[in-house]
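Excluded from the calculations below are hydrogen atoms, water molecules and symmetry mates; all remaining heavy atoms, backbone and side chain alike, are included.
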Amino acid sequence: MDLALTYEQQAVRNTVRDFVRKEVMPLEAEVLRRERRGLPGLEQSELRELQQRAKAFGFWGLDTPTEYGGMGLPAVDQSLVWTETGRSFVPFRFGGSADNILYHANDEQRAEYLLPTIAGDRISCFAITEPGAGSDAANIRMTARRDGDDWVLNGEKVFITGGNEADFAIVVAVTDPDIGARGGSTAFLVDRERGWTSEFIQTMGEGGPASLVFDNVRVPHRNVLGEVGQGFELGMKWIGKGRYAIPSQGLGIAERALEMAIEYANTRETFGRPIGTNQAIQWMIADSEVEVEAARGLVLRAAWTVDQGRDPRHSSAAAKLFGAGMVNRVVDRVLQIHGGMGYTRELPIERWYRQVRLFRIFEGTDEMLRLIISRDLLRGYTRVGDQLG
Ligand SMILES: Cc1cc2nc3c(=O)[nH]c(=O)nc-3n(C[C@H](O)[C@H](O)[C@H](O)COP(=O)(O)OP(=O)(O)OC[C@H]3O[C@@H](n4cnc5c(N)ncnc54)[C@H](O)[C@@H]3O)c2cc1C
């Protein structure tokens, strides 16, 4: 067993680390200033410019197959990259990627949706959640009724990331109410011009998702993504990816926050000596370090499972459950170590505190992940201690 990164993996990680340090972190002060005024941290044009600069570094389309001009990186390498970008709170992500399920597009859709999304010329959002169907996604009620060569969509989607910016949505709607969402729902590619509307939802985080309303929105049959009846399956595939991407980012946030706490513990003095000389502070640092490394093990194992071509559902659920909890606990301790300063908007800690709370909710709540993990064990799909093969 070799737990060390390969030479190539180290090169990927180090290149991204350099890029983030040189090109992304210098923007942090300005991002905080803008967000304090209620403005987006980065304008879309600034994000695109940064992405082009990253492209010059060779980083473009991390998960995009090489035949589409991407890097086609293995999941472990992608996880390492997300950890590095997670170290900065600047809302940056590498360009050149599209939703994993857009690869189910046919030739015509590929030209109209997939390729322009990879190029950054079109912006997508993915919509399955509804007011009455979040964890219980199979309870979606949005309907798509066949009418000649078209489908007519009616219903509402909520909490859709990028829903206010997207120019097309990948929407899952029920096409056969007798079967229900599992087997009776379908994914559609729906341009905003076809008539859906969106409204921004204010959250405790920066930016925010949107609700989308479909009122007799007409879509031609050629806009069905994948097969009729495959919508729920595609939805679960989309969500599956986030289950190791989110805790990978959480690792980067926790690492950076913990480094800040160590620096502060060594320099902030009370009663004539650094606060880091107190066991109370030392234990918070020690517990955080142990949890970061435990999460790293789970996250990399989940990514490795993907690369092995094995079913990553169990390992990804464990990685997201522990990773999301870990980063919440670490950021909370780091805030505590900084005392009153940690609570101010001078530092990014309160921002992380608000941001990472989401990690325990979206793309599988803690409770749903526990449900998956325990169900796998109770039904014998996975055996205790059987994760390394
Ligand atoms: C900022 C943000 C971005 C999002 N982005 C997207 C997106 O891009 N696309 C999209 O489709 N969706 C998106 N979502 C939706 C997200 O996936 C859902 O919010 C999430 O799945 C939880 O659903 P819910 O909010 O309806 O909570 P509910 O399902 O109503 O759950 C409420 C509480 O009950 C618990 N619970 C529910 N069922 C059980 C059970 N059986 N056992 C024990 N506990 C249970 C839950 O864990 C939770 O604590 C986003 C959400 C947010 C907040």
Side-chain angles (χ1 to χ4, degrees), residues 1-17 19-20 54 57-87 92-104 114 117-118 126 233-255 292-324 326-327 359 362-364 369 372-373 376 381-382 386-389:
M1 183 176 193
D2 186 356
L3 289 177
L5 298 180
T6 62
Y7 175 77
E8 289 78 14
Q9 287 164 341
Q10 287 182 43
V12 165
R13 184 200 56 190
N14 295 346
T15 311
V16 176
R17 187 171 287 179
F19 180 80
V20 170
F57 258 72
F59 280 82
W60 181 255
L62 307 178
D63 52 352
T64 303
T66 46
E67 62 266 33
Y68 288 91
M71 299 173 79
L73 286 180
V76 166
D77 298 47
Q78 290 182 50
S79 170
L80 295 170
V81 172
W82 291 320
T83 296
E84 291 308 315
T85 51
R87 289 174 63 87
F92 167 77
R93 59 181 186 281
F94 288 107
S97 284
D99 307 75
N100 56 352
I101 59 173
L102 262 189
Y103 289 91
H104 288 260
L114 176 63
T117 304
I118 292 172
F126 169 75
E233 190 192 317
L234 291 180
M236 293 306 107
K237 187 172 175 184
W238 187 91
I239 287 166
K241 173 127 201 187
R243 298 227 168 124
Y244 65 96
I246 292 165
S248 302
Q249 186 193 357
L251 271 174
I253 295 172
E255 283 178 4
V292 166
E293 292 311 319
R296 197 187 313 280
L298 285 173
V299 167
L300 289 176
R301 190 194 70 186
W304 173 84
T305 307
V306 172
D307 288 336
Q308 297 297 306
R310 291 164 50 185
D311 182 357
R313 193 180 50 164
H314 189 84
S315 56
S316 292
K320 174 153 184 302
L321 174 65
F322 188 77
M326 174 281 292
V327 68
F359 291 11
F362 73 166
E363 294 177 40
L369 299 172
I372 293 168
I373 294 165
D376 284 352
Y381 303 146
T382 303
D386 202 21
Q387 288 298 303
L388 290 178

TODO: Measure up the W238 and F126 rings against each other and bin them: parallel (under 30°), tilted (30 to 60°), perpendicular (over 60°).
DONE: parallel
- [ ] For the residue pair F94 and F92, categorise the inter-ring angle as parallel (less than 30°), tilted (30 to 60°) or perpendicular (more than 60°).
- [x] perpendicular
Between [Y] and [X], is there a side-chain heavy-atom distance shorter than 4.5 Å?
X	Y	answer
T85	F59	no
V12	V81	yes
H314	I372	no

Straight-line distance of [X] [atom1] to [Y] [atom2], nearest 0.5 Å:
X	Y	atom1	atom2	answer
Q249	L251	CD	CG	10.5 Å
L102	T117	CG	OG1	5.5 Å
D77	M71	CG	CE	8.5 Å

Do you know the tightest heavy-atom contact between [X] and [Y]?
X	Y	answer
P247	A319	CB-O, 3.5 Å
G69	W60	O-CD1, 3.7 Å
S97	L62	OG-N, 3.9 Å

Open item on the list: Please evaluate residues E255 and R296 with respect to the criterion side chain to side chain contact (heavy atoms under 4.5 Å, CB included), reporting the C-alpha separation (whole Å), side-chain torsions for both, the decisive distance (0.1 Å), and the verdict.
Closed with: CA-CA 11 Å; E255 283 178 4; R296 197 187 313 280; 2.8 Å; yes
Give a yes or no answer on whether the side chain of [X] reaches the backbone of [Y] with a donor-acceptor pair at less than 3.5 Å.
X	Y	result
Q78	L73	yes
T64	G96	yes
T83	G252	no
T15	A11	yes
N14	Q10	yes
K320	A245	no

TODO: Give the C-alpha distance, both sets of side-chain angles, the deciding distance and a yes or no for side chain to side chain contact (heavy atoms under 4.5 Å, CB included) between L80 and L300.
DONE: CA-CA 8 Å; L80 295 170; L300 289 176; 4.2 Å; yes
